[in-house]
Amino acid sequence: MKKVSFWQFLFKIGDDYLMFLRNLTPAVLFLSLALFMYSELNWTHWAWSNVLVLFLSLASGFIALSVMAINTVAFVRKMLKTLRTLSGESELDENIGTLALFKMLWVESNSKQLIFFAVVNIVAVFMVLVYGTKYALNFYSSISTLND
């Protein structure tokens, strides 16, 4: 197994990395919709009309979380596949589980820079989601006040 430099790895995975960041947009959209709809529910005076809003809020939240999970796992798979290709190892088994995939990435990476890279990206995802959702909620709130 040959040593893979961080920069060599980064430029090899560049397109997948950019796609990972692009795929955060739908997650932010659905998460902000879920939070906005949930905040519009009136819990003191419950009505049957709230059931539809609650359902749509929960459905949007589920879509956001599933998009984030799918995007993260797909990106980690591509990271590991690229790492294995660059180091001259065999291809990755497609049927491997998610936890086993993360464990394999930890064990097989010959440079802890790659783990740092993954952690920084996970933190970046949460920052994008928090701030993107915050500004989207502000936007939705200002639109809803136009209706009043």
Side-chain angles (χ1 to χ4, degrees), residues 4 6-86 91-148:
V4 177
F6 178 71
W7 295 109
Q8 179 186 15
F9 173 77
L10 182 63
F11 285 108
K12 179 76 173 169
I13 201 163
D15 290 338
D16 295 325
Y17 181 50
L18 293 174
M19 185 58 68
F20 169 73
L21 294 174
R22 278 185 217 114
N23 288 340
L24 292 178
T25 304
V28 169
L29 172 68
F30 280 104
L31 185 62
S32 62
L33 281 172
L35 293 174
F36 177 72
M37 286 187 280
Y38 187 79
S39 69
E40 291 294 311
L41 288 173
N42 185 357
W43 293 101
T44 57
H45 302 299
W46 185 258
W48 283 106
S49 61
N50 288 346
V51 172
L52 178 62
V53 175
L54 179 62
F55 173 75
L56 291 174
S57 174
L58 293 175
S60 294
F62 174 76
I63 290 170
L65 293 176
S66 62
V67 165
M68 286 185 283
I70 290 168
N71 191 27
T72 303
V73 169
F75 182 60
V76 168
R77 282 188 183 280
K78 289 174 183 174
M79 277 177 43
L80 188 56
K81 183 177 179 182
T82 300
L83 179 63
R84 291 175 72 101
T85 302
L86 288 173
E91 286 292 317
L92 181 64
D93 180 18
E94 291 296 322
N95 296 325
I96 191 168
T98 304
L99 290 176
L101 186 67
F102 280 105
K103 183 179 177 185
M104 188 181 295
L105 182 62
W106 175 259
V107 170
E108 289 191 11
S109 64
N110 57 359
S111 171
K112 298 305 174 198
Q113 293 173 334
L114 301 178
I115 300 302
F116 173 76
F117 179 72
V119 169
V120 166
N121 281 297
I122 290 169
V123 169
V125 166
F126 287 115
M127 287 177 58
V128 165
L129 289 175
V130 168
Y131 286 104
T133 302
K134 176 184 171 188
Y135 292 114
L137 283 173
N138 287 340
F139 176 71
Y140 293 139
S141 296
S142 46
I143 288 177
S144 69
T145 57
L146 294 175
N147 206 17
D148 294 333

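Nothing fancy with the numbering, it's 1 onward along the sequence. Please read these numbers as outputs of a predicted model, since none were measured by experiment.
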If you measure from [atom1] on [X] to [atom2] on [Y], what distance do you get to the nearest 0.5 Å?
X: Leu65; Y: Ile70; atom1: CG; atom2: CD1; value: 11.0 Å
X: Arg22; Y: Asn71; atom1: CZ; atom2: CG; value: 11.5 Å
X: Met79; Y: Leu10; atom1: CE; atom2: CG; value: 10.0 Å

(request) Give a yes or no on whether Phe30 atom CZ has more than 12 heavy-atom contacts from other residues, nucleotides or ligands under 6.0 Å away. (result)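 For Phe30, atom CZ is not crowded (no more than 12 foreign heavy atoms under 6.0 Å).
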(message) Tell me which one of Asn23, Asp15, Asp16, Leu21 satisfies side chain to side chain contact (heavy atoms under 4.5 Å, CB included) with Met19.
(response) Asn23
(message) Donor-acceptor pair, distance only, cut-off 3.5 Å: does the side chain of Ser57 make one with the backbone of Val53?
(response) no
(request) Examine distances only and state if a side-chain atom of Ser60 and a backbone atom of Leu31 form a donor-acceptor pair shorter than 3.5 Å. (result) no
(message) Do Tyr38 and Leu58 make a side-chain contact, defined as non-hydrogen atoms from C-beta onward lying under 4.5 Å apart?
(response)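 Not in contact.
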